[in-house]
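Report on the structure given below.
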Amino acid sequence: MVNTLAIIGAQWGDEGKGKMTDLLSQDADLIVRFQGGNNAGHTIKFNGKTFALHLVPSGIFKDTSSNLLASGMVIDPEALYQELKMLETMHIDTEARLWIASRAHVVLDFHKTLDALYEDIRSEKIGTTHKGIGPAYTDKAARLGLKMATFVSKTGFKTYLDKHLPFVNKLLESYHYAPVKQADLIKKMAPYQAAFKTMIVDGSKLIDTAIEMGQNVVFEGAQGTMLCLDHGTYPFVTSSSPSAAAIPLNTGIAPKKIRRVLGILKVYTTRVGGGAFPTEIHDDTAEFIRTKGHEFGTTTGRARRIGWLDIVQLRHAVRLNGFDAFALMLFDVLVGVDTLKLCTAYKLDGKTIDIIPADHETLSRCEPVYETLEGFDDDLDKVDSYKALSNPAKTYIKRIETLTNVPVAYISTGPDRTAIIKRDEIIAKTLKE
Ligand code: GDP
Ligand code: IMO
Ligand code: MG
(Lines give C-alpha, C1' and ligand atoms only; values in the text may rest on other atoms or scores of the structure.)
(Ligands and ions follow the chains in the order given, each with its own letter.)
Protein backbone atom coordinates (compact mmCIF):
# COMPACT_ATOMS: atom_id res chain seq x y z
CA MET A 1 0.00 0.00 0.00
CA VAL A 2 1.37 3.37 -1.01
CA ASN A 3 0.80 5.88 1.76
CA THR A 4 3.47 8.54 1.28
CA LEU A 5 3.54 11.02 -1.57
CA ALA A 6 5.92 13.90 -2.19
CA ILE A 7 4.76 16.90 -4.20
CA ILE A 8 7.80 18.60 -5.69
CA GLY A 9 8.32 21.69 -7.85
CA ALA A 10 10.11 20.65 -11.03
CA GLN A 11 11.15 24.14 -12.17
CA TRP A 12 12.04 27.42 -10.39
CA GLY A 13 9.05 27.51 -8.03
CA ASP A 14 5.43 28.70 -8.31
CA GLU A 15 4.50 25.66 -10.38
CA GLY A 16 1.17 25.21 -8.59
CA LYS A 17 2.31 22.98 -5.73
CA GLY A 18 -0.25 24.58 -3.42
CA LYS A 19 -3.16 23.71 -5.68
CA MET A 20 -2.01 20.09 -6.09
CA THR A 21 -1.27 19.69 -2.38
CA ASP A 22 -4.73 21.00 -1.51
CA LEU A 23 -6.31 18.67 -4.05
CA LEU A 24 -4.40 15.55 -3.02
CA SER A 25 -4.75 16.35 0.68
CA GLN A 26 -8.43 15.54 0.38
CA ASP A 27 -7.27 11.89 0.73
CA ALA A 28 -4.48 12.58 3.25
CA ASP A 29 -4.23 12.46 7.03
CA LEU A 30 -0.98 14.33 7.56
CA ILE A 31 0.55 17.04 5.37
CA VAL A 32 4.15 18.08 5.93
CA ARG A 33 6.11 21.13 4.78
CA PHE A 34 9.75 20.10 5.00
CA GLN A 35 12.01 23.01 3.99
CA GLY A 36 12.13 26.74 3.33
CA GLY A 37 10.01 29.25 5.16
CA ASN A 38 7.72 32.09 4.21
CA ASN A 39 9.71 32.73 1.06
CA ALA A 40 7.13 30.28 -0.32
CA GLY A 41 3.75 31.52 -1.52
CA HIS A 42 1.15 28.88 -2.33
CA THR A 43 -2.23 29.96 -3.73
CA ILE A 44 -5.29 27.78 -3.24
CA LYS A 45 -8.77 28.37 -4.62
CA PHE A 46 -12.01 26.58 -3.82
CA ASN A 47 -15.67 27.46 -3.19
CA GLY A 48 -15.05 30.95 -4.58
CA LYS A 49 -12.36 31.73 -1.98
CA THR A 50 -8.65 32.35 -2.52
CA PHE A 51 -6.01 31.68 0.11
CA ALA A 52 -2.30 32.52 0.03
CA LEU A 53 -0.23 30.37 2.36
CA HIS A 54 3.43 30.92 3.15
CA LEU A 55 4.19 28.58 6.05
CA VAL A 56 1.12 26.51 6.87
CA PRO A 57 0.85 23.40 4.67
CA SER A 58 -1.78 23.57 1.93
CA GLY A 59 -3.44 20.51 3.49
CA ILE A 60 -4.96 22.66 6.24
CA PHE A 61 -8.22 23.03 4.28
CA LYS A 62 -9.12 19.40 4.78
CA ASP A 63 -10.70 19.82 8.16
CA THR A 64 -9.71 16.42 9.55
CA SER A 65 -6.06 16.68 8.52
CA SER A 66 -2.99 17.17 10.70
CA ASN A 67 -0.30 19.48 9.39
CA LEU A 68 3.34 19.70 10.35
CA LEU A 69 6.07 22.28 9.86
CA ALA A 70 9.01 19.87 9.85
CA SER A 71 12.53 20.26 11.18
CA GLY A 72 14.09 21.36 7.89
CA MET A 73 12.06 24.57 7.89
CA VAL A 74 13.03 28.03 9.05
CA ILE A 75 10.00 29.67 10.68
CA ASP A 76 9.33 33.35 11.24
CA PRO A 77 7.11 33.38 14.36
CA GLU A 78 5.46 36.69 13.49
CA ALA A 79 4.63 35.50 9.95
CA LEU A 80 3.23 32.20 11.25
CA TYR A 81 1.12 33.99 13.86
CA GLN A 82 -0.32 36.33 11.22
CA GLU A 83 -1.04 33.42 8.89
CA LEU A 84 -2.97 31.63 11.63
CA LYS A 85 -4.95 34.81 12.31
CA MET A 86 -5.73 35.11 8.59
CA LEU A 87 -7.00 31.51 8.53
CA GLU A 88 -9.10 32.19 11.61
CA THR A 89 -10.79 35.20 9.97
CA MET A 90 -11.49 32.99 6.93
CA HIS A 91 -13.15 30.44 9.29
CA ILE A 92 -10.48 27.76 8.88
CA ASP A 93 -10.06 26.05 12.23
CA THR A 94 -6.43 25.10 12.91
CA GLU A 95 -6.94 24.13 16.55
CA ALA A 96 -4.98 20.94 17.34
CA ARG A 97 -4.29 20.42 13.62
CA LEU A 98 -1.01 22.29 13.22
CA TRP A 99 2.25 21.01 14.69
CA ILE A 100 5.76 22.45 14.70
CA ALA A 101 8.85 20.24 14.79
CA SER A 102 10.97 20.98 17.84
CA ARG A 103 14.09 20.96 15.64
CA ALA A 104 12.83 23.52 13.11
CA HIS A 105 14.83 26.75 13.16
CA VAL A 106 13.56 30.25 13.90
CA VAL A 107 13.81 33.32 11.66
CA LEU A 108 14.23 36.46 13.76
CA ASP A 109 13.94 40.08 12.68
CA PHE A 110 17.69 40.50 12.38
CA HIS A 111 17.78 37.66 9.81
CA LYS A 112 15.50 39.80 7.62
CA THR A 113 17.73 42.83 8.18
CA LEU A 114 20.78 40.77 7.23
CA ASP A 115 19.00 39.37 4.17
CA ALA A 116 18.45 42.92 2.89
CA LEU A 117 21.97 43.93 3.89
CA TYR A 118 23.65 41.02 2.05
CA GLU A 119 21.59 41.79 -1.05
CA ASP A 120 22.57 45.42 -0.80
CA ILE A 121 26.31 44.89 -0.48
CA ARG A 122 26.84 41.98 -2.86
CA SER A 123 27.72 42.90 -6.42
CA GLU A 124 25.56 40.16 -7.93
CA LYS A 125 21.97 40.42 -6.61
CA ILE A 126 20.09 37.15 -6.02
CA GLY A 127 16.74 38.91 -5.77
CA THR A 128 15.78 37.13 -2.54
CA THR A 129 12.37 37.49 -0.95
CA HIS A 130 13.96 39.41 2.00
CA LYS A 131 12.28 36.99 4.40
CA GLY A 132 15.52 36.19 6.22
CA ILE A 133 15.77 32.68 4.81
CA GLY A 134 19.46 32.73 3.78
CA PRO A 135 20.70 34.27 7.05
CA ALA A 136 18.59 31.83 9.15
CA TYR A 137 20.04 28.82 7.30
CA THR A 138 23.50 30.43 7.52
CA ASP A 139 23.14 30.61 11.30
CA LYS A 140 21.99 26.98 11.32
CA ALA A 141 25.05 25.85 9.35
CA ALA A 142 27.33 28.06 11.45
CA ARG A 143 25.87 26.49 14.59
CA LEU A 144 24.50 29.81 15.72
CA GLY A 145 20.84 29.05 15.00
CA LEU A 146 17.83 28.88 17.26
CA LYS A 147 15.61 25.80 17.37
CA MET A 148 11.89 26.05 18.02
CA ALA A 149 12.28 23.93 21.18
CA THR A 150 14.64 26.56 22.60
CA PHE A 151 12.61 29.50 21.31
CA VAL A 152 9.47 28.51 23.22
CA SER A 153 11.41 28.20 26.46
CA LYS A 154 11.61 31.67 28.04
CA THR A 155 14.97 30.98 29.69
CA GLY A 156 16.27 29.13 26.62
CA PHE A 157 15.46 32.06 24.36
CA LYS A 158 17.09 34.57 26.70
CA THR A 159 20.25 32.48 27.03
CA TYR A 160 20.39 32.18 23.23
CA LEU A 161 20.11 35.95 22.80
CA ASP A 162 22.73 36.58 25.49
CA LYS A 163 25.18 34.50 23.50
CA HIS A 164 24.21 35.40 19.95
CA LEU A 165 23.09 39.05 19.93
CA PRO A 166 26.53 40.61 20.64
CA PHE A 167 27.79 38.82 17.51
CA VAL A 168 24.82 39.99 15.39
CA ASN A 169 25.07 43.54 16.70
CA LYS A 170 28.77 43.75 15.87
CA LEU A 171 27.91 42.77 12.32
CA LEU A 172 25.03 45.25 12.06
CA GLU A 173 27.03 48.09 13.57
CA SER A 174 29.90 47.54 11.17
CA TYR A 175 27.42 48.37 8.38
CA HIS A 176 25.94 51.30 10.35
CA TYR A 177 22.66 49.51 11.09
CA ALA A 178 20.98 50.06 14.46
CA PRO A 179 21.75 47.24 16.92
CA VAL A 180 19.00 44.88 18.07
CA LYS A 181 17.73 45.63 21.58
CA GLN A 182 17.34 42.35 23.44
CA ALA A 183 14.50 43.56 25.67
CA ASP A 184 12.48 44.73 22.63
CA LEU A 185 12.94 41.41 20.85
CA ILE A 186 11.94 39.40 23.93
CA LYS A 187 8.82 41.54 24.37
CA LYS A 188 7.84 41.20 20.73
CA MET A 189 8.30 37.41 20.69
CA ALA A 190 6.47 36.68 23.97
CA PRO A 191 2.98 36.24 22.46
CA TYR A 192 4.36 33.96 19.74
CA GLN A 193 6.22 31.81 22.26
CA ALA A 194 3.00 31.43 24.20
CA ALA A 195 0.95 30.65 21.09
CA PHE A 196 3.32 28.00 19.73
CA LYS A 197 4.37 26.23 22.92
CA THR A 198 1.62 23.63 22.74
CA MET A 199 2.25 22.96 19.04
CA ILE A 200 5.84 21.77 19.46
CA VAL A 201 6.35 18.06 18.78
CA ASP A 202 9.03 15.60 17.77
CA GLY A 203 8.35 15.85 14.04
CA SER A 204 10.21 12.67 13.16
CA LYS A 205 8.11 10.61 15.57
CA LEU A 206 4.86 12.23 14.47
CA ILE A 207 5.43 11.37 10.79
CA ASP A 208 6.85 7.93 11.40
CA THR A 209 3.94 6.97 13.64
CA ALA A 210 1.44 8.18 11.02
CA ILE A 211 3.16 6.13 8.30
CA GLU A 212 3.34 3.03 10.47
CA MET A 213 -0.37 3.39 11.30
CA GLY A 214 -1.11 3.30 7.58
CA GLN A 215 -2.18 6.93 7.39
CA ASN A 216 -1.71 8.85 4.15
CA VAL A 217 1.09 11.37 4.38
CA VAL A 218 1.74 14.12 1.82
CA PHE A 219 5.01 16.06 1.74
CA GLU A 220 4.50 19.51 0.28
CA GLY A 221 7.56 20.95 -1.44
CA ALA A 222 8.26 24.64 -1.46
CA GLN A 223 10.34 26.43 -4.10
CA GLY A 224 11.44 24.27 -7.03
CA THR A 225 14.25 21.90 -7.95
CA MET A 226 16.23 24.55 -9.85
CA LEU A 227 16.34 26.66 -6.67
CA CYS A 228 18.06 23.79 -4.83
CA LEU A 229 21.17 24.90 -2.95
CA ASP A 230 23.07 21.83 -4.15
CA HIS A 231 21.70 21.04 -7.60
CA GLY A 232 20.09 24.27 -8.74
CA THR A 233 21.39 27.28 -10.64
CA TYR A 234 23.82 28.29 -7.90
CA PRO A 235 24.29 30.99 -6.66
CA PHE A 236 20.82 32.06 -7.84
CA VAL A 237 19.05 29.59 -5.59
CA THR A 238 17.44 29.46 -2.18
CA SER A 239 19.28 28.22 0.91
CA SER A 240 17.62 24.81 1.25
CA SER A 241 16.95 21.83 -0.96
CA PRO A 242 13.41 21.61 -2.38
CA SER A 243 14.00 18.19 -3.95
CA ALA A 244 12.56 14.84 -2.91
CA ALA A 245 16.01 13.76 -1.75
CA ALA A 246 15.84 16.37 0.98
CA ILE A 247 12.70 14.99 2.60
CA PRO A 248 14.21 12.28 4.82
CA LEU A 249 16.86 14.62 6.22
CA ASN A 250 14.45 17.50 6.66
CA THR A 251 11.77 15.49 8.41
CA GLY A 252 13.65 12.77 10.26
CA ILE A 253 12.21 9.76 8.49
CA ALA A 254 14.03 7.01 6.60
CA PRO A 255 14.58 7.50 2.82
CA LYS A 256 12.78 4.26 1.96
CA LYS A 257 9.58 5.63 3.44
CA ILE A 258 9.12 8.12 0.59
CA ARG A 259 7.14 5.91 -1.76
CA ARG A 260 5.94 8.16 -4.61
CA VAL A 261 7.03 11.51 -6.04
CA LEU A 262 4.79 13.76 -8.12
CA GLY A 263 6.55 16.45 -10.13
CA ILE A 264 4.66 19.72 -10.55
CA LEU A 265 5.39 21.84 -13.60
CA LYS A 266 3.86 24.62 -15.59
CA VAL A 267 3.36 24.05 -19.30
CA TYR A 268 5.78 26.92 -19.75
CA THR A 269 8.48 28.18 -17.36
CA THR A 270 8.62 31.05 -14.89
CA ARG A 271 11.29 32.37 -12.61
CA VAL A 272 11.36 35.17 -10.00
CA GLY A 273 14.58 36.93 -9.05
CA GLY A 274 17.95 36.87 -10.80
CA GLY A 275 19.85 34.08 -12.52
CA ALA A 276 20.24 32.30 -15.84
CA PHE A 277 17.06 31.29 -17.62
CA PRO A 278 17.94 29.87 -21.06
CA THR A 279 14.40 29.76 -22.47
CA GLU A 280 13.34 33.22 -21.21
CA ILE A 281 11.31 35.31 -23.67
CA HIS A 282 10.52 39.02 -23.68
CA ASP A 283 8.07 39.24 -26.58
CA ASP A 284 4.29 39.57 -26.91
CA THR A 285 3.82 35.90 -26.04
CA ALA A 286 5.60 36.49 -22.71
CA GLU A 287 3.29 39.39 -21.98
CA PHE A 288 0.25 37.33 -23.02
CA ILE A 289 1.26 34.50 -20.68
CA ARG A 290 2.13 36.85 -17.80
CA THR A 291 -1.23 38.56 -18.01
CA LYS A 292 -3.34 35.47 -18.59
CA GLY A 293 -1.52 33.38 -15.97
CA HIS A 294 -1.41 36.28 -13.44
CA GLU A 295 2.31 35.69 -13.23
CA PHE A 296 3.08 37.95 -10.30
CA GLY A 297 4.64 36.57 -7.11
CA THR A 298 2.37 35.44 -4.26
CA THR A 299 5.00 36.49 -1.72
CA THR A 300 6.60 39.62 -3.19
CA GLY A 301 4.22 40.68 -5.99
CA ARG A 302 7.14 40.81 -8.43
CA ALA A 303 6.41 40.13 -12.12
CA ARG A 304 7.59 36.60 -12.90
CA ARG A 305 9.96 36.10 -15.79
CA ILE A 306 8.46 33.94 -18.54
CA GLY A 307 9.97 31.33 -20.88
CA TRP A 308 9.22 28.25 -22.94
CA LEU A 309 9.22 24.79 -21.42
CA ASP A 310 12.80 23.59 -21.00
CA ILE A 311 13.24 19.84 -21.40
CA VAL A 312 16.97 19.97 -20.52
CA GLN A 313 16.01 21.56 -17.22
CA LEU A 314 13.16 19.10 -16.68
CA ARG A 315 15.37 16.07 -17.32
CA HIS A 316 17.74 17.44 -14.68
CA ALA A 317 14.77 17.60 -12.28
CA VAL A 318 13.58 14.11 -13.28
CA ARG A 319 17.01 12.65 -12.58
CA LEU A 320 17.25 14.33 -9.18
CA ASN A 321 13.73 13.55 -7.98
CA GLY A 322 12.78 10.30 -9.68
CA PHE A 323 9.31 11.57 -10.53
CA ASP A 324 6.72 8.81 -10.85
CA ALA A 325 4.35 11.16 -12.66
CA PHE A 326 3.79 14.79 -13.53
CA ALA A 327 1.00 17.27 -12.88
CA LEU A 328 0.96 19.75 -15.80
CA MET A 329 -0.24 23.09 -14.49
CA LEU A 330 -1.68 26.25 -16.07
CA PHE A 331 -2.54 24.36 -19.24
CA ASP A 332 -5.34 26.86 -19.93
CA VAL A 333 -2.86 29.73 -20.12
CA LEU A 334 -1.37 28.42 -23.38
CA VAL A 335 -4.76 28.29 -25.12
CA GLY A 336 -4.57 30.77 -27.97
CA VAL A 337 -0.78 30.75 -28.36
CA ASP A 338 -0.30 29.90 -32.07
CA THR A 339 3.01 28.09 -31.97
CA LEU A 340 4.54 26.37 -28.97
CA LYS A 341 8.24 25.80 -28.42
CA LEU A 342 9.99 23.09 -26.45
CA CYS A 343 13.69 23.45 -25.68
CA THR A 344 15.27 20.04 -26.28
CA ALA A 345 18.98 20.91 -25.99
CA TYR A 346 21.35 23.83 -25.45
CA LYS A 347 23.98 25.21 -27.81
CA LEU A 348 27.17 26.14 -26.02
CA ASP A 349 30.25 27.40 -27.86
CA GLY A 350 29.10 25.72 -31.07
CA LYS A 351 28.42 22.35 -29.37
CA THR A 352 25.05 20.79 -28.51
CA ILE A 353 24.68 19.79 -24.85
CA ASP A 354 21.86 18.26 -22.82
CA ILE A 355 22.93 18.95 -19.25
CA ILE A 356 22.78 22.00 -17.01
CA PRO A 357 26.33 23.37 -16.71
CA ALA A 358 27.29 23.78 -13.04
CA ASP A 359 29.07 27.07 -13.66
CA HIS A 360 26.51 29.84 -13.73
CA GLU A 361 28.32 32.01 -16.24
CA THR A 362 28.51 29.03 -18.61
CA LEU A 363 24.79 28.36 -18.17
CA SER A 364 24.09 32.03 -18.98
CA ARG A 365 25.77 31.53 -22.34
CA CYS A 366 23.63 28.50 -23.31
CA GLU A 367 21.28 29.09 -26.24
CA PRO A 368 18.09 27.02 -26.40
CA VAL A 369 17.53 24.61 -29.28
CA TYR A 370 13.80 24.49 -29.98
CA GLU A 371 11.33 22.21 -31.65
CA THR A 372 8.03 23.81 -32.52
CA LEU A 373 4.56 22.40 -32.10
CA GLU A 374 1.15 23.53 -33.16
CA GLY A 375 -0.75 25.50 -30.51
CA PHE A 376 -4.16 24.43 -29.20
CA ASP A 377 -7.45 26.26 -28.92
CA ASP A 378 -9.54 23.99 -26.71
CA ASP A 379 -12.47 25.34 -24.73
CA LEU A 380 -11.20 23.81 -21.49
CA ASP A 381 -14.34 24.68 -19.52
CA LYS A 382 -16.02 21.98 -21.58
CA VAL A 383 -13.22 19.40 -21.36
CA ASP A 384 -13.26 17.01 -18.42
CA SER A 385 -11.15 14.15 -19.72
CA TYR A 386 -7.87 13.67 -21.55
CA LYS A 387 -9.78 11.97 -24.34
CA ALA A 388 -11.78 15.13 -25.01
CA LEU A 389 -8.69 17.27 -25.63
CA SER A 390 -7.87 18.31 -29.18
CA ASN A 391 -5.10 16.55 -31.08
CA PRO A 392 -2.62 19.45 -30.82
CA ALA A 393 -3.19 19.59 -27.03
CA LYS A 394 -2.63 15.84 -26.75
CA THR A 395 0.46 16.04 -28.96
CA TYR A 396 2.00 18.69 -26.70
CA ILE A 397 1.40 16.53 -23.63
CA LYS A 398 2.66 13.36 -25.32
CA ARG A 399 5.81 15.13 -26.47
CA ILE A 400 6.57 16.19 -22.89
CA GLU A 401 6.05 12.60 -21.76
CA THR A 402 8.28 11.19 -24.49
CA LEU A 403 11.09 13.68 -23.97
CA THR A 404 11.15 13.32 -20.18
CA ASN A 405 10.05 9.69 -19.92
CA VAL A 406 7.55 10.63 -17.20
CA PRO A 407 3.79 10.09 -17.61
CA VAL A 408 1.41 13.00 -17.10
CA ALA A 409 -1.18 12.05 -14.48
CA TYR A 410 -2.92 15.40 -13.97
CA ILE A 411 -3.61 18.36 -16.26
CA SER A 412 -4.67 21.53 -14.47
CA THR A 413 -6.96 23.83 -16.43
CA GLY A 414 -7.58 26.70 -13.99
CA PRO A 415 -6.70 27.88 -10.47
CA ASP A 416 -9.77 26.32 -8.82
CA ARG A 417 -9.59 22.96 -7.08
CA THR A 418 -12.17 21.58 -9.50
CA ALA A 419 -10.30 22.62 -12.68
CA ILE A 420 -8.38 19.42 -13.16
CA ILE A 421 -8.23 16.59 -15.69
CA LYS A 422 -7.35 13.34 -13.94
CA ARG A 423 -5.96 10.44 -15.91
CA ASP A 424 -7.19 7.69 -13.60
CA GLU A 425 -5.31 4.81 -15.22
CA ILE A 426 -2.00 6.65 -15.05
CA ILE A 427 -2.68 7.81 -11.49
CA ALA A 428 -3.46 4.25 -10.42
CA LYS A 429 -0.39 2.80 -12.09
CA THR A 430 2.20 5.44 -11.14
CA LEU A 431 1.04 6.90 -7.84
CA LYS A 432 -1.18 4.33 -6.15
CA GLU A 433 0.10 0.83 -6.90
P1 GDP B 1 3.21 27.28 -5.80
O2 GDP B 1 4.15 28.23 -5.14
O3 GDP B 1 3.90 26.20 -6.54
O4 GDP B 1 2.16 26.76 -4.88
O5 GDP B 1 2.45 28.15 -6.92
P6 GDP B 1 1.82 29.62 -6.71
O7 GDP B 1 0.56 29.48 -5.97
O8 GDP B 1 2.84 30.57 -6.22
O9 GDP B 1 1.58 30.01 -8.22
C10 GDP B 1 0.74 29.29 -9.06
C11 GDP B 1 -0.38 30.25 -9.51
O12 GDP B 1 -1.09 29.65 -10.55
C13 GDP B 1 -1.40 30.56 -8.44
O14 GDP B 1 -1.87 31.87 -8.62
C15 GDP B 1 -2.51 29.55 -8.71
O16 GDP B 1 -3.80 29.99 -8.26
C17 GDP B 1 -2.46 29.49 -10.19
N18 GDP B 1 -2.85 28.21 -10.81
C19 GDP B 1 -2.61 26.95 -10.40
N20 GDP B 1 -3.02 26.06 -11.33
C21 GDP B 1 -3.51 26.79 -12.34
C22 GDP B 1 -4.06 26.46 -13.62
O23 GDP B 1 -4.14 25.31 -14.01
N24 GDP B 1 -4.46 27.50 -14.42
C25 GDP B 1 -4.36 28.79 -14.03
N26 GDP B 1 -4.77 29.73 -14.87
N27 GDP B 1 -3.83 29.14 -12.84
C28 GDP B 1 -3.42 28.15 -12.03
P1 IMO C 1 7.23 28.74 -3.92
O2 IMO C 1 7.17 27.74 -2.79
C3 IMO C 1 9.61 31.16 -6.65
C4 IMO C 1 13.49 32.60 -5.16
C5 IMO C 1 13.62 34.09 -4.92
C6 IMO C 1 15.11 34.28 -5.22
C7 IMO C 1 15.72 32.99 -4.66
C8 IMO C 1 16.30 33.15 -3.26
O9 IMO C 1 6.13 29.73 -3.88
O10 IMO C 1 7.39 28.04 -5.23
P11 IMO C 1 15.21 33.36 -0.85
O12 IMO C 1 14.30 34.41 -0.29
O13 IMO C 1 14.67 31.99 -0.80
O14 IMO C 1 16.60 33.45 -0.28
O15 IMO C 1 15.36 33.78 -2.42
O16 IMO C 1 14.69 32.04 -4.64
N17 IMO C 1 12.36 31.96 -4.46
C18 IMO C 1 11.23 31.56 -5.07
N19 IMO C 1 10.82 31.69 -6.35
N20 IMO C 1 8.85 30.50 -5.76
C21 IMO C 1 9.24 30.34 -4.48
O22 IMO C 1 8.56 29.58 -3.59
C23 IMO C 1 10.48 30.91 -4.07
N24 IMO C 1 11.16 30.96 -2.91
C25 IMO C 1 12.30 31.59 -3.16
O26 IMO C 1 12.83 34.83 -5.80
O27 IMO C 1 15.32 34.27 -6.61
MG1 MG D 1 4.57 30.27 -5.09
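Read the numbers this way: they start at 1 and go in the same order the structure lists the ligands and their atoms.
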Tell me if a side-chain donor or acceptor on [X] pairs with a main-chain N or O of [Y] at a distance below 3.5 Å.
X	Y	result
R271	Q11	no
K19	A419	yes
K341	G307	no
D208	S204	no
Q26	D22	yes
D378	L380	no
K62	A28	yes
T270	I306	no
K292	D332	yes

Closest approach of any protein heavy atom to [atom], naming residue and atom:
atom	result
atom 3 (C) of ligand 2	D14 OD2, 3.3 Å
atom 17 (N) of ligand 2	L227 CD1, 3.7 Å
atom 15 (O) of ligand 2	T128 CA, 3.4 Å
atom 27 (O) of ligand 2	V272 O, 3.1 Å
atom 1 (P) of ligand 2	Q223 N, 3.5 Å

Are the side chains of [X] and [Y] in touch, meaning some heavy atoms are under 4.5 Å apart?
X	Y	result
H316	I355	no
H105	Y137	no
T89	K85	no
M86	L53	yes
V408	I426	no

Practice problem: Please work out which of G127, G36, G273 has its closest non-hydrogen atom nearest to atom 6 (C) of ligand 2. | Solution: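 Heavy atom nearest to atom 6 (C) of ligand 2 belongs to G127.
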Hey, is ligand 2 close enough to [X] that some N/O pair sits below 3.5 Å?
X	result
K17	yes
V237	no
T238	yes

Quiz item: Which protein N, O or S atoms lie under 2.8 Å from the Mg ion (ligand 3)?
Solution: D14 OD1, G41 O
Report, in ascending order of atom number, the atoms of ligand 2 lying under 4.0 Å from any heavy atom of [X].
X	result
A40	1 (P), 2 (O), 9 (O), 22 (O)
I126	8 (C), 27 (O)
G41	1 (P), 9 (O)
A222	2 (O)

For [X] and ligand 2, answer yes if some heavy atom of the residue is under 4.0 Å from a ligand atom, otherwise no.
X	answer
K131	no
R302	yes
S239	no
G9	no

Exercise. Kindly state whether the ring of F376 and the ring of F331 have centres lying under 6.0 angstrom apart.
Key: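 Close enough - the centres of the two rings lie under 6.0 Å apart.
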Exercise. Step through it carefully: locate the ring centre of F46, locate the ring centre of F51, and say whether they are under 6.0 Å apart.
Key: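 Centroid distance F46-F51: below 6.0 Å, so yes.
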Quiz prompt | Working for side-chain contact (heavy atoms from CB on, under 4.5 Å), residues S239 and T138 | solution = CA-CA 8 Å; S239 299; T138 303; 5.8 Å; no
Give the contacting part of [X] toward ligand 2: side chain, backbone, both or neither, where contact means a heavy-atom distance below 4.0 Å.
X	result
W12	backbone
D115	neither
T129	both
R271	neither

Quiz item: Do R423 and Y386 meet the cation-pi criteria used here (NZ or CZ under 6.0 Å from the six-membered ring centre, within 45° of the axis)?
Solution: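 Cation-pi check for R423 and Y386: passes.
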Quiz item: Does a side chain donor of either T238 or Q223 reach within less than 3.5 Å of an acceptor in the other side chain?
Solution: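 T238 vs Q223: no donor-acceptor pair found between side chains.
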Quiz item: H164 and D139: side-chain donor and acceptor closer than 3.5 Å?
Solution: yes
Quiz prompt | Shell of residues surrounding ligand 1, defined by a 4.0 angstrom heavy-atom cut-off that is strict | solution = D14, E15, G16, K17, G18, K19, G41, H42, T43, T298, R304, M329, L330, D332, V333, S412, T413, G414, P415
